[in-house]
Amino acid sequence: MAGTDFNDLMWFKAVADEHSFTRAAARIGVAQSTLSHTIKRLETNMGIRLLTRTTRSVALTEAGERLLRVMAPRVAEIEEEIAQLMEFRERPSGSIRLTLSQHALDTVVWPKLKSVLLNYPDIGVELSLDSSFRNIVEDGFNAGVRLGESLEKDMIAVRIGPDWRMVAVATSGYVAAHGAPQHPQELIGHNCINMRHETRGGLYAWEFEKDGQELRVRVNGQLTFNKSEPMMDAVLNGLGIAFVPNSLADPLVASGELVLLLDDWSPFFDGYFLYYPSRHQNLPAFRIVVDALRQK
């Protein structure tokens, strides 16, 4: 092991991460034959086999898995230390990856993030729009955005938005023709605009609560969407009752274009939080993004 080049180890990690010599070579920027030769040299120097190769895939041997487990946290520490050295530059720089929903982006993140990008041109931000609960560590994200009720316990959490709620709305014309439900169960007899979960695939059961009583109502109707935003056009055209974030509905209720239904059955809940592992908190670019998003 004394003659092992550190670059050989980093190239091994790239193959292990990608499970492919082809993808790893493209990621590093070298020829596949060069990468293959380097890994063979590493295995020869160590005297053990690290990878099992087939025509279709690359898998780690037991020794390879052990080496990767040992390397991964140390490489992460080195990368973090290098990133922290960026503090000595005149302008903070770096790339931040965030996973969040479209609603979180539109209502909380994007309005605050625009000024960061204008004021710090060397900071790059990648926004991955996804309503599923991603494992930010395994998937390579610096942070994620979730509602307060869904936060992971071992993460640092920073509130970035106010509490909000889901509300049922319809046009006055629809209410005049079909009546206004007085209880969530009465929604079953109405033409409701459904929402399909993007990740789980099933239809969202509308959630209500009043005086400690919680209800989940599965509604029926002509239309089904997988995002809240296009539902607004449908409800404004009188095509039924929609259940949407109050941030989308409130301006239209205030203007009289929509009628708020079952108001007392729609309580507020914890708003959006930015969550991240502690090892990212000292990165200068990341601190700037967190401070900009933080609820003042």
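Quick note: residue numbers are just sequence positions, from 1. Keep in mind that the numbers below use all heavy atoms, side chains included, and drop hydrogens, waters and symmetry copies. Predicted model only: the values in this text are computed from it and were never measured.
- Put simply, the side chain of L67 reaches to within 4.5 Å of the side chain of L50, judged on heavy atoms.
- Not a single donor-acceptor pair under 3.5 Å links the side chain of R97 to the backbone N or O of I136.
- Nearest approach of D130 to T99, heavy atoms of both residues: CB-OG1, 4.1 Å.
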Can you check side-chain contact (heavy atoms from CB on, under 4.5 Å) on L252 and V169, steps first, answer last?
CA-CA 10 Å; L252 299 171; V169 289; over 6 Å; no
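- Considering all non-hydrogen atoms of both residues, I48 and A63 come closest at CD1-CB, 3.9 Å.
- Among all heavy-atom pairs drawn from V158 and R294, the shortest one is CG1-NH1, 3.5 Å.
- I28 and I78 fall within the same hydrophobic cluster, defined by Ile, Leu, Val, Met, Phe, Trp and Tyr side-chain heavy atoms under 4.5 Å apart, directly or through other members.
- By the 4.5 Å heavy-atom criterion applied to side chains, P181 and L261 are counted as neighbours.
- In terms of modelled atom types and a separation under 3.5 Å, the side chain of R66 and the main chain of E62 share no donor-acceptor contact.
- Between R27 and D17, at least one side-chain nitrogen of the basic residue sits less than 4.0 Å from a carboxylate oxygen of the acidic one, meeting the salt-bridge criterion.
- Looking only at distances, no side-chain donor or acceptor of D139 sits under 3.5 Å from a matching main-chain atom of F141.
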Step-by-step side-chain contact (heavy atoms from CB on, under 4.5 Å) determination, Y120 to S93
CA-CA 8 Å; Y120 298 94; S93 65; over 6 Å; no
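- The shortest side-chain heavy-atom distance between L236 and L258 falls under the 4.5 Å cut-off.
- In this structure, F21 and V15 have side chains that are in contact, with non-hydrogen atoms separated by less than 4.5 Å.
- Residues R53 and E43 are paired through a salt bridge, judged by an N-O separation under 4.0 Å between the basic side chain and the carboxylate.
- With rounding to the nearest 0.5 Å, the separation of OG1 in T107 from CD1 in I160 is 8.5 Å.
- Connection of W265 to F268 is not established within any shared hydrophobic cluster, with ILVMFWY side chains joined at heavy-atom distances below 4.5 Å, either directly or through further cluster members.
- Take F208 and apply the ring pair (Phe, Tyr, Trp, His ring centres under 6.0 Å) test, not counting sequence neighbours, and it matches F243.
- Counting non-hydrogen atoms of neighbouring residues, nucleotides and ligands closer than 6.0 angstrom, the CD atom of Q222 reaches no more than 12 such neighbours.
- Under the 3.5 Å distance criterion, with hydrogens and angles disregarded, a donor-acceptor pair is assigned to the side chains of N246 and D250.
- Interatomic distance, CE of M195 versus OH of Y204, reported as 8.5 Å (0.5 Å rounding).
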Evaluate the criterion side chain to side chain donor-acceptor pair (under 3.5 Å) for residue pair Y272 and R146; output intermediate values, then yes/no.
CA-CA 5 Å; Y272 287 119; R146 286 187 188 174; over 6 Å; no
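- Taken from OG1 in T38 to CG in N7, the straight-line distance is 9.0 Å, to the nearest 0.5 Å.
- The shortest side-chain heavy-atom distance between L100 and L127 falls under the 4.5 Å cut-off.
- Considering all non-hydrogen atoms of both residues, R159 and D270 come closest at NH2-OD1, 3.8 Å.
- Rounding to the nearest 0.5 Å gives a distance of 10.0 Å between CG of D263 and NZ of K210.
- With contacts defined as side-chain heavy-atom distances shorter than 4.5 Å, the pair L98/L274 qualifies.
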Should V219 and N194 be marked as a side-chain contact (heavy atoms from CB on, under 4.5 Å) after you check the CA-CA gap, both sets of side-chain angles, and the distance that decides it?
CA-CA 7 Å; V219 299; N194 252 311; 3.5 Å; yes
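- Side-chain contact between T34 and W11: present, with at least one pair of heavy atoms (C-beta onward) separated by less than 4.5 Å.
- The 12-atom threshold is not exceeded at NE2 of H37, counting heavy atoms of other residues, nucleotides or ligands nearer than 6.0 Å.
- Atom OH of Y174 has more than 12 heavy atoms from other residues, nucleotides or ligands within 6.0 Å.
- For the atom pair CG (L147) and NE2 (H103), the distance works out to 9.0 Å, reported to the nearest 0.5 Å.
- Looking at every heavy atom in both residues, V125 comes nearest to L117 through CG2-CD2, 3.9 Å.
- Side-chain atoms of T44 and R41, non-hydrogen and from C-beta on, never get closer than 4.5 Å to each other.
- Note on ring orientation: taking the six-membered ring where Trp is involved, the planes of H178 and H190 are perpendicular (angle over 60°, cut-offs 30° and 60°).
- Taking the centre of each ring, Y276 and F286 come in below the 6.0 Å mark.
- Taking CZ of R49 as the reference point, atom CG of L60 lies at 12.0 Å (rounded to 0.5 Å).
- With respect to the salt-bridge test (charged N to carboxylate O, under 4.0 angstrom), the residues K40 and D8 do not qualify.
- Here W164 and F269 bring their ring centres to under 6.0 angstrom of each other.
- Looking only at distances, no side-chain donor or acceptor of R165 sits under 3.5 Å from a matching main-chain atom of P245.
- The two residues A242 and I193 make their nearest non-hydrogen contact at CB-CD1, 4.2 Å.
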Verify side-chain contact (heavy atoms from CB on, under 4.5 Å) between L293 and K112, making sure each step is shown before the conclusion.
CA-CA 6 Å; L293 296 180; K112 299 178 180 180; 3.9 Å; yes
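- There is no side-chain donor-acceptor pair under 3.5 Å between E18 and S20.
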